[in-house]
Engineer: 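For reference, the structure I am asking about is given below.
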2 protein chains.
Amino acid sequence: MEKVDKIFEAALSLFTTKGFHGTPTSEIAKTAGVANGTLFHYFKTKEDLINNLYLNLKNEMVEESTNGIEKIESLKLKFEYLWSKTIQWAMTNPQKIFFIQQYMYSPYITTNTQEEVDKIKEVYINLIQSGIENEEIKEIPVDLIYIIATQQLFGMIQYLVINPEKYHDSEFMNLAFNLFYDILKTN
Amino acid sequence: MEKVDKIFEAALSLFTTKGFHGTPTSEIAKTAGVANGTLFHYFKTKEDLINNLYLNLKNEMVEESTNGIEKIESLKLKFEYLWSKTIQWAMTNPQKIFFIQQYMYSPYITTNTQEEVDKIKEVYINLIQSGIENEEIKEIPVDLIYIIATQQLFGMIQYLVINPEKYHDSEFMNLAFNLFYDILKTN
DNA sequence: ATATTTGTAGAGTGATCAGTCAATCAAATT
DNA sequence: AATTTGATTGACTGATCACTCTACAAATAT
């Protein structure tokens, strides 16, 4: 495993459990099994590290959830694919989604990083847009649909992390998806 | 204005813009116009301060949104009251809702505080519960409804803070509430 | 082969910060 | 009037931390 990835791994775990300024860079280096200086060789500053980590995880989330979506025909099924893939990723990486939620609107994430993230999430925006054009998705500002959908999805993930048995209850999961999709779809 | 409140006010502003460990207690004291020692007279530690602040704001939010709700008869209107009152509070205190969102799942908020918050939110839980018994609200785990509803509400608030002109567009706000209530209500 | 760049290490440092402390002041209680 | 209790102050400190710097090793280019 690359040293950079070891640093990312250590930082993810420590930042989520102890906070950003709550974890010394020395501890990150120690946990990652690298020297203090190595950390600063790869990242100019501590802020640089958390910004890269955040971008990295957002990228991973989007890639994991959209990989293979082009094979799916119907729009509803595409949304279901996205929805279930994201949940699947979150359930296997609870700490990652936890980190994202925790630092999404934190002052450590620069506007520059936010802009990069905005580019990444365009896949989602485009899907919503095409849904609106097809009159399958409600004609509501895309931004609003996006925020509401992601927030609701995060809520569902939070619930599933606390009640993991529900994740294997397919009847429940079906109902849960409809709860999600009913907001978006035209009546 | 009480010194404690001045400290709360300063801490709210600084914590949201610079992060918890990112703001020195000395700066909080200076901004609040009190001496360094005074801060520690009222709060045992810096963590104690942020926990109290968090609890304080959660309380304020719930009180503001539920105050006067007993006068309303229909369940749907009660939800609409709660929904619009919360949004109204958030729009006049964007920093407060921003702080809540930012520290909701941060490691600085102790489980003890979370438990206190759980007590506060019982008003909401009871309302949902009675709605389920009346068969006006979907028969879904109360926890799940609660999480989804609050997350969605937070999403809406985020959108409105960015697009404040929509807040005064009553047609939009009507549509927005229905977007919220349609998830909850039985078909 | 030699030069140059890149990776890795860890001791060292100047600055910063949470919390203490001793002193004074104000108000309440006896 | 005396005494206790609580409020307020700000200088001080021991510890901690982000980042630097120098040195060496490995890889890559010339």
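Each chain gets a letter, A, B and so on, in the order the sequences are listed, and its residues count up from 1. Note that the structure is predicted; figures quoted are calculated from it, not measured.
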Engineer: Looking at B:K3, does any N or O in its side chain come under 4.0 Å of the phosphate oxygens OP1/OP2 on D:dT9?
Structural biologist: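 It does, given that an N or O in the side chain of B:K3 lies less than 4.0 Å from OP1 or OP2 of D:dT9.
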
Engineer: Take A:G22 and A:K44, find for each the nucleotide of DNA chain D with the closest heavy atom, and name the residue whose nucleotide sits nearer the 5' end.
Structural biologist: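 The residue whose closest nucleotide sits nearer the 5' end is A:G22.
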
Engineer: Does any donor atom in the side chain of B:Q158 or A:Y105 lie under 3.5 Å from an acceptor atom in the other side chain?
Structural biologist: yes

Engineer: Between residues 32-43 of chain A and DNA chain D, which residues have a heavy-atom gap below 4.0 Å?
Structural biologist: A:N36, A:F40

Engineer: Measure from NZ on B:K30 to P on D:dT8 and round the result to the nearest Å.
Structural biologist: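 Atom-to-atom, B:K30 to D:dT8, this comes out as 20 Å.
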
Engineer: For residues B:I147 and A:F154, determine if any side-chain heavy atom of one lies less than 4.5 Å from a side-chain heavy atom of the other.
Structural biologist: no

Engineer: What are the two closest non-hydrogen atoms of B:P94 and B:I97, and how far apart are they?
Structural biologist: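 That would be O-CG2, 3.2 Å.
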
Engineer: Sequence neighbours excluded, which residues qualify as salt bridge (charged side-chain N to carboxylate O under 4.0 Å, His left out) partners of B:E47?
Structural biologist: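 B:E47: no salt bridge (charged side-chain N to carboxylate O under 4.0 Å, His left out) contacts found.
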
Engineer: Provide, to the nearest angstrom, the distance between the CD atom belonging to A:E2 and the P atom belonging to D:dA27.
Structural biologist: 13 Å

Engineer: Using modelled atom types only, decide if a donor and an acceptor are shared between the side chain of A:K96 and the backbone of A:W89 within a distance under 3.5 Å.
Structural biologist: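 Flag not set: sc A:K96 to bb A:W89 has no pair under 3.5 Å.
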
Engineer: Atom CG of A:D48 and atom P of D:dA18: how far apart are they, to the nearest Å?
Structural biologist: 14 Å

Engineer: Using a cut-off of less than 4.0 Å, is there contact between a side-chain N or O of B:T25 and OP1 or OP2 of C:dC17?
Structural biologist: no

Engineer: Nearest-Å distance, CD1 (B:I7) to P (C:dG19)?
Structural biologist: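 It works out to 14 Å between those atoms.
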
Engineer: Any chance NZ of A:K78 has more than 12 other-residue heavy atoms, nucleotides or ligands included, within less than 6.0 Å?
Structural biologist: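 More than 12 heavy atoms, drawn from other residues, nucleotides or ligands, come within 6.0 Å of this atom.
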
Engineer: Nearest-Å distance, CD (B:E47) to P (C:dC17)?
Structural biologist: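 Those two atoms, CD and P, are 18 Å apart.
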
Engineer: Return the value, rounded to whole Å, for the distance between atom NZ of A:K46 and atom C1' of D:dC17.
Structural biologist: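 Rounded to the whole Å, the gap is 8 Å.
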
